[in-house]
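Below you'll find the structure, written out as structure tokens, and then a few comments.
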Amino acid sequence: MKLYGALLSPFVRKVALAAQEKGMDYTLVPFRTREGLDPGFVAASPFLKIPAIDDGGYTLADSTAIVSYLEARQPAPALIPAEAQLRGKVMWFDEFVDTIHCEAGLKILFHRLVGPKLLKVPGDETIAMQGEAAMPRIRDYLESVMPDDGWLVGDFTLADISVASILRTLTAVGFGPSDDYPKTQSWYERVRARPAWQAVAAIEDAAPK
Ligand SMILES: N[C@@H](CCC(=O)N[C@@H](CS)C(=O)NCC(=O)O)C(=O)O
């Protein structure tokens with residue numbers, strides 16, 4: 001399976017982690033080359049957002065759609081529980097990250113790191129500050145739902161992957177796990193200890209910056 005994108009994106013990392021946890025083969029493919037956008041990526045992602053996949057000619061975009069596909073293709077180990085209430089909570093955390101946490105966090109990331117440092121376009125500090133203003137409530141919420149031990153919703157699930165992925169991305173701009181949120185921090189350390197996390201982190205750390 002080709003996975004188009006870059007692992008700094010929490011959405012791309014989410015898909016890589018899900019595939020890795022399931023032991024599924026994937027190859028990370030840069031969506032942009034010197035010549036422009038990869039035509040395979042353009043064909044796979046109608047709105048040119050990362051991630052997108054090409055699995056033997058089957059194309060799909062959107063991290064949650066892709067993880068749902070992976071879950072159906074290879075049910076074990078389950079990352080989306082079958083039981084109704086657990087499944088509802090897992091999808092809540094995934095959606096909370098995709099909309100609320102990323103909405104705030106990516107304003108900071110894009111305007112302080114991706115724009116000015118990677119794409120060489122000026123960031124807008126007013127927008128970054130809007131994102132920053134939303135962060136305390138988000139971080140307080142997460143701390144309030146963190147378990148003392150184990151995972152967010154029963155067994156290890158997509159909920160843990162989604163939340164840990166945005167936290168890793170936001171570490172780059174000072175909004176990752178911190179001593180001020182000790183339960184979140186120890187849960188994050190448990191996620192980081194997983195072999196799948198370490199495998200994806202090794203790929204990410206080795207990628208050209
Ligand atoms: N809901 C989508 C969000 C994907 C997304 O917004 N990706 C960003 C990168 S983090 C992107 O491709 N942005 C480029 C753009 O919006 O044109 C998902 O879960 O995959």
Side-chain angles (χ1 to χ4, degrees), residues 1-22 24 26 28-33 36-55 58-73 79-80 87 90-124 127-128 130-132 134-135 138 152 157-176 200-201 203-204 207-209:
M1 175 176 84
K2 283 184 187 169
L3 169 57
Y4 291 105
L7 288 172
L8 178 63
S9 160
F11 307 111
V12 176
R13 194 187 300 105
K14 183 203 314 189
V15 171
L17 286 167
Q20 197 82 44
E21 287 281 351
K22 287 177 175 292
M24 298 170 89
Y26 65 93
L28 198 65
V29 180
F31 64 107
R32 199 186 286 121
T33 65
L37 291 177
D38 182 300
F41 166 66
V42 174
S45 186
F47 291 89
L48 305 181
K49 289 188 185 279
I50 52 170
I53 58 163
D54 182 336
D55 189 17
Y58 174 76
T59 57
L60 191 63
D62 187 275
S63 62
T64 304
I66 297 168
V67 174
S68 309
Y69 166 73
L70 299 183
E71 184 78 5
R73 234 199 69 189
L79 295 174
I80 303 176
R87 181 184 293 214
V90 167
M91 298 321 291
W92 150 254
F93 279 111
D94 182 65
E95 190 59 21
F96 153 75
V97 170
D98 281 12
T99 54
I100 297 169
H101 205 158
C102 282
E103 156 85 14
L106 297 186
K107 282 181 179 160
I108 306 171
L109 188 84
F110 280 114
H111 290 281
R112 291 199 183 141
L113 178 77
V114 175
K117 302 209 171 115
L118 304 182
L119 301 177
K120 312 287 182 213
V121 293
D124 184 334
I127 300 178
Q130 285 167 6
E132 227 183 89
M135 290 309 290
I138 291 168
L152 279 168
T157 64
L158 174 62
D160 301 290
I161 288 178
S162 299
V163 175
S165 185
I166 182 64
L167 289 181
R168 173 163 171 143
T169 294
L170 295 183
T171 299
V173 283
F175 283 89
V200 174
I203 299 170
E204 186 170 352
K209 300 285 177 298

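Residues: numbered from 1 along the sequence shown. Counting convention: from 1, in listed order, for ligands and their atoms alike.
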Practice item. Give the minimum heavy-atom separation between Arg32 and Leu37, together with the two atoms involved. Key: CG-CD2, 4.2 Å
Which atom pairs, donor and acceptor, lie under 3.5 Å between side-chain atoms of residues 39-52 and protein residues at least two apart or in another chain?
residue: Ser45; atom: OG; partner: Leu48; partner atom: N; Å: 3.4
residue: Ser45; atom: OG; partner: Lys49; partner atom: N; Å: 3.0
residue: Ser45; atom: OG; partner: Lys49; partner atom: O; Å: 2.7

Exercise for review: Identify, for atom 20 (O) of ligand 1, the protein heavy atom at the shortest distance, and state residue, atom and that distance.
Suggested key: Ser63 N, 2.8 Å
Study note, to complete from the structure: Heavy-atom nearest pair, Val90 first then Ala159, reads CG1-N, 3.8 Å
Point to revise | Exercise: identify the closest heavy-atom pair between Lys117 and Arg112 | key: NZ-O, 3.8 Å
Check your understanding: Near Ser9, which atoms of ligand 1 are under 4.0 Å from a heavy atom of that residue?
Key -> 10 (S)
Review point. Where is the tightest heavy-atom contact between Ser165 and Arg13, given as atom of each residue plus distance?
Key: O-NH1, 2.6 Å
Practice item. Report yes if the side chains of Leu70 and Tyr26 come closer than 4.5 Å at any heavy-atom pair, otherwise no. Key: no
Review point. Going by distance only, is there an N or O of Thr64 that falls short of 3.5 Å from an N or O of ligand 1?
Key: no
Check your understanding: To the nearest 0.1 Å, how far is atom 8 (C) of ligand 1 from its closest protein heavy atom, and which atom is that?
Key -> Ile50 O, 3.9 Å
Review point. What is the nearest protein non-hydrogen atom to atom 1 (N) of ligand 1, stated with its residue, atom name and distance?
Key: Asp62 OD2, 3.0 Å
Point to revise | Atoms in ligand 1 with a heavy atom of Pro51 nearer than 4.0 Å | key: 20 (O)
Exercise for review: Check Asp98 against ligand 1 and report side chain, backbone, both or neither, counting heavy atoms closer than 4.0 Å.
Suggested key: side chain
Review point. In terms of residue, atom name and distance, what is the protein heavy atom nearest to atom 16 (O) of ligand 1?
Key: Lys49 NZ, 2.6 Å
